[in-house]
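Below: the structure, in structure tokens.
Please read these numbers as outputs of a predicted model, since none were measured by experiment. Throughout, protein chains are lettered first and strands after them, A, B, ... in sequence-line order, and every chain is numbered starting at 1.
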2 protein chains.
Amino acid sequence: MEQPRKRAKPGRAPAPAGRKSRPRQAEVARLAGVSQATVSLVLNARRDGKGATISEETRQRVLDAARSLGYVPDPAARRLAAARNNLLGVFSFTSTFPTDVQHSYYPFLVGVEQEAAARGYDLVLFTASSGGGPDALSRVRLADGCLFLGRHVPRAELKRLVADGFPVVHLGRREELEGLAWVGADYVSASREVVAHLADLGHRRIVLVREDDDAPASTDRQQGFLDGLDGAGLAGGPDSVLRCADPVSEVTAERVRELVAEGVTAFVAEETDTGAAWQALTGAVAGAGLSCPGDVSLALLGSPPPELAAGPVPTGFDVPRHELGAAAVRLLSAQVAGEEADEPLVACEFRAGLTAGPAPVPEP
Amino acid sequence: MEQPRKRAKPGRAPAPAGRKSRPRQAEVARLAGVSQATVSLVLNARRDGKGATISEETRQRVLDAARSLGYVPDPAARRLAAARNNLLGVFSFTSTFPTDVQHSYYPFLVGVEQEAAARGYDLVLFTASSGGGPDALSRVRLADGCLFLGRHVPRAELKRLVADGFPVVHLGRREELEGLAWVGADYVSASREVVAHLADLGHRRIVLVREDDDAPASTDRQQGFLDGLDGAGLAGGPDSVLRCADPVSEVTAERVRELVAEGVTAFVAEETDTGAAWQALTGAVAGAGLSCPGDVSLALLGSPPPELAAGPVPTGFDVPRHELGAAAVRLLSAQVAGEEADEPLVACEFRAGLTAGPAPVPEP
DNA sequence: TTGTAAGCGTTATCAT
DNA sequence: ATGATAACGCTTACAA
């Protein structure tokens, strides 16, 4: 019999002595006295009985062996073999956990985590800072799909992922990129609702204070604001929108006094990262010596910043961040499953608040 | 027309319809007229010149081919072959992202993410809730190592991981479990420092208000408190510690008045989840009609709860949560690399604050 | 019902 | 300096 030539084989070096390597299917197989493939079959047995043809006895032996060894499938190998990982990626272009808690994605992640857990996915946080290189984004392919969040999107990279058919969902409206799925809040309807509320209270002249930004979140709010005016039969001339590069210096007490003198009875501010518009507005109203629900009504198109949590609850709406996160996961998970699903805009919840009241009766 | 029957070969199934195939190293190789291995060598050429022995010409040809094909490495294959997942787990026994932001691990995660990114790791988020079963903990093995945080630790499961040589680090002191690595804040030193500060200000009778809890975080603070008294040559009798099951009802204005009458000039409260001790203390002092840095000095062994952020900054110390997270990742990453490293306690930073002043001169 | 083996896209080793 | 080739751990078609 021909002796198998025992020449040193090419290939990887043996595992370094120090660390114990995790158990693999082969070891489970050995312990259970079956073939490695059987282990795979047992472990991936579909619950719908389809294709699962394994005797209950073997099944148990394999399961026991796996448990006693603490076996867990290697996600990379699973993925490589053209199967699923049960891993969903989360990639933020800035840090996922910025030092400044205020600007963080935390509230979204709450929803993301819950929905992911409910669907049996674990979450991989791809840390943006690490790679840096052009293919930093490409690491996400380790997961079955990936959620993206952040302001500045590397278009080319993302486009590539989408083009390759890799499941991708962006959290926040993003229509610029053809074929990119996204979920977003319905700022238009919510803003319209707020304006309708003010109109119901008798306000005829309403002014929007917004920052000088072209983000969808801003333009959507303005659109809803104008829609609202329109729906109430109110004029929405150009002077009903104050677009300020720096709200704090532009929305002064004097300016507010002027506008009120002209007949404005209600102000609406958009919510932004900094909360500048709202802060400028409330500051100016107080500075003008006007009482809030009494002399003028105020509304905030969004949630108040945490540092103002102590003040009176502003009339306005809340962005359902949890729900947005959850919706994103639903959409992504549908994509992963190959179902080209579609998530509608998520509705914001109206918040009655304390800063809006009946329009003051004009003095004769 | 009779289709030439392509007999399906064993092996993997055809790629799922959605997923378009991307160029691989083999195609780059073909285009560049070299072997696939050469492509790998070129693409992974170490910048330190070590082991890189490829002619500049080939190098360029390969690079060009890769670029023109838009080649991006497959992370799954890469990790599989390299036998490293570059994945660190984060497991919290409660939800990683509790709805209540206040009690969240957020501040730690900031540090964890940064350090992980710096070391080229991605993070896998596990939640106790998602798994469910008794071997839910076992899922963490899909990562190269795992960070644990939370109050209630399933000892048996964790022990198993440690025994199996799986790299594990607990965030927060945890000496009960033999062989479990952990990182913690040095509450003892920090508390001692605060007391020393008070003693320097002339206080001779200082009382600690703490909750009825046996967590290391509590006992460490008490120990540091007593050490501080001792170091200042002050008596640390049993009446210098107020251990309350319910601080708010036990630390009353009357009680404070009594103690002050007995000669107590400074109070120290431990920081807890709820912040009850500190709130009870400040409330009682105000209720007793005492002015804070004037009549009595107050110190908080930790950071004030967010809802009190508006008040005067308490004298005390800050737990370096970012740094703790980072330290945990360092320790874990050392373990993963097989280096049995050791992280010392992380120092807390003294905060001068505004609630402590010179001891009032006793009236004759 | 179970075993055999191909192949996923890399990396790393040896031989040329 | 480059090319073969063996792993890496897994899924799955097909043979037994």
Side-chain angles (χ1 to χ4, degrees), chain A residues 5-16 21-30 32-46 50-59 61-62 66 71-86 135 138-139 141-142, chain B residues 6-16 19 21-30 32-46 50-59 61-62 66 69 71-86 141-142:
Chain A
R5 200 161 46 120
K6 210 178 180 184
R7 83 173 164 67
K9 289 181 288 184
R12 311 186 22 79
S21 68
R22 302 172 358 226
R24 341 152 202 252
Q25 287 189 348
E27 300 179 34
V28 176
R30 207 178 309 137
V34 299
S35 81
Q36 176 264 323
T38 302
V39 174
S40 175
L41 285 181
V42 168
L43 264 28
N44 297 347
R46 305 184 182 179
K50 183 85 159 60
T53 40
I54 285 133
S55 79
E56 187 52 29
E57 195 210 318
T58 337
R59 217 181 85 79
R61 266 217 318 278
V62 169
Y71 169 81
V72 170
D74 180 314
R78 231 175 140 89
R79 190 69 189 141
L80 185 58
R84 302 240 177 95
N85 252 352
N86 269 30
D135 50 277
S138 149
R139 288 177 309 146
R141 303 181 117 110
L142 176 66
Chain B
K6 270 196 208 141
R7 197 160 86 71
K9 285 182 287 184
R12 57 176 321 262
R19 231 174 250 24
S21 80
R22 300 172 286 126
R24 346 155 194 243
Q25 287 189 349
E27 301 179 35
V28 175
R30 206 177 310 136
V34 298
S35 81
Q36 177 266 325
T38 302
V39 174
S40 175
L41 284 181
V42 169
L43 264 29
N44 298 347
R46 307 188 178 177
K50 184 82 159 61
T53 40
I54 285 134
S55 78
E56 187 53 29
E57 194 210 319
T58 329
R59 218 181 84 80
R61 263 214 322 279
V62 169
L69 252 45
Y71 169 81
V72 272
D74 181 326
R78 195 197 265 282
R79 293 181 197 218
L80 181 57
R84 287 182 83 205
N85 272 326
N86 274 355
R141 298 178 118 112
L142 117 196

Rounded to whole angstroms, how far apart are [atom1] on [X] and [atom2] on [N]?
X        : N      : atom1 : atom2 : result
B:Gln36  : C:dC8  : CD    : C1'   : 13 Å
A:Gln25  : C:dT4  : CD    : P     : 15 Å
B:Arg84  : C:dT10 : CZ    : P     : 18 Å
A:Arg30  : D:dG9  : CZ    : C1'   : 14 Å
B:Arg78  : D:dC8  : CZ    : P     : 19 Å
B:Leu80  : D:dA7  : CG    : C1'   : 9 Å
B:Leu142 : D:dG9  : CG    : P     : 14 Å
A:Asn44  : D:dG9  : CG    : P     : 17 Å

Would you call B:Asp74 and B:Arg22 a salt bridge, using N to O less than 4.0 angstrom?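 Salt bridge between B:Asp74 and B:Arg22, a charged N being under 4.0 Å from a carboxylate O: yes.
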
In terms of side-chain geometry, is the basic nitrogen of A:Glu27 or A:Arg30 positioned less than 4.0 Å from the acidic oxygen of its partner?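 Answer for the salt bridge query: no.
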
Look at [X] and [N] and indicate whether a side-chain polar atom (N or O) is within less than 4.0 Å of OP1 or OP2.
X       : N      : result
A:Thr38 : C:dT1  : no
B:Thr58 : D:dA1  : no
A:Ser40 : D:dT11 : yes

Between B:Ala77 and B:Gly33, name the one whose nearest nucleotide on DNA chain D is closer to the 5' end.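 Nearest nucleotide further toward 5': that of B:Gly33.
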
If you assign each of A:Tyr71 and B:Ser35 to its closest nucleotide in DNA chain D, which residue comes earlier from the 5' end?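 Between the two, 5'-proximity favours B:Ser35.
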
What nucleotide, of C:dA12, D:dC8, C:dG7, holds the atom closest to the side chain of A:Ala81?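 So the nucleotide nearest the side chain must be C:dG7.
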
Among C:dT2, D:dT11, D:dT5, which nucleotide has an atom closest to any side-chain atom of A:Ile54?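 Given the options C:dT2, D:dT11, D:dT5, the side chain of A:Ile54 is closest to C:dT2.
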
At under 4.0 Å between heavy atoms, what does B:Ser55 touch on the DNA or RNA strands: base, sugar-phosphate, or nothing?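 Result for B:Ser55 = sugar-phosphate.
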
Does some side-chain heavy atom of A:Leu43 sit less than 4.5 Å from a side-chain heavy atom of A:Tyr71?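 In contact.
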
Tell me every residue that passes salt bridge (charged side-chain N to carboxylate O under 4.0 Å, His left out) with A:Arg78, counting only those two or more places apart in sequence or in another chain.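 With neighbours one apart ignored, the set is empty.
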
Who are the side-chain hydrogen bond (donor to acceptor under 3.5 Å, both in side chains) partners of A:Ser40, not counting sequence neighbours?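 A:Ser40 satisfies side-chain hydrogen bond (donor to acceptor under 3.5 Å, both in side chains) with no residue once adjacent residues are dropped.
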
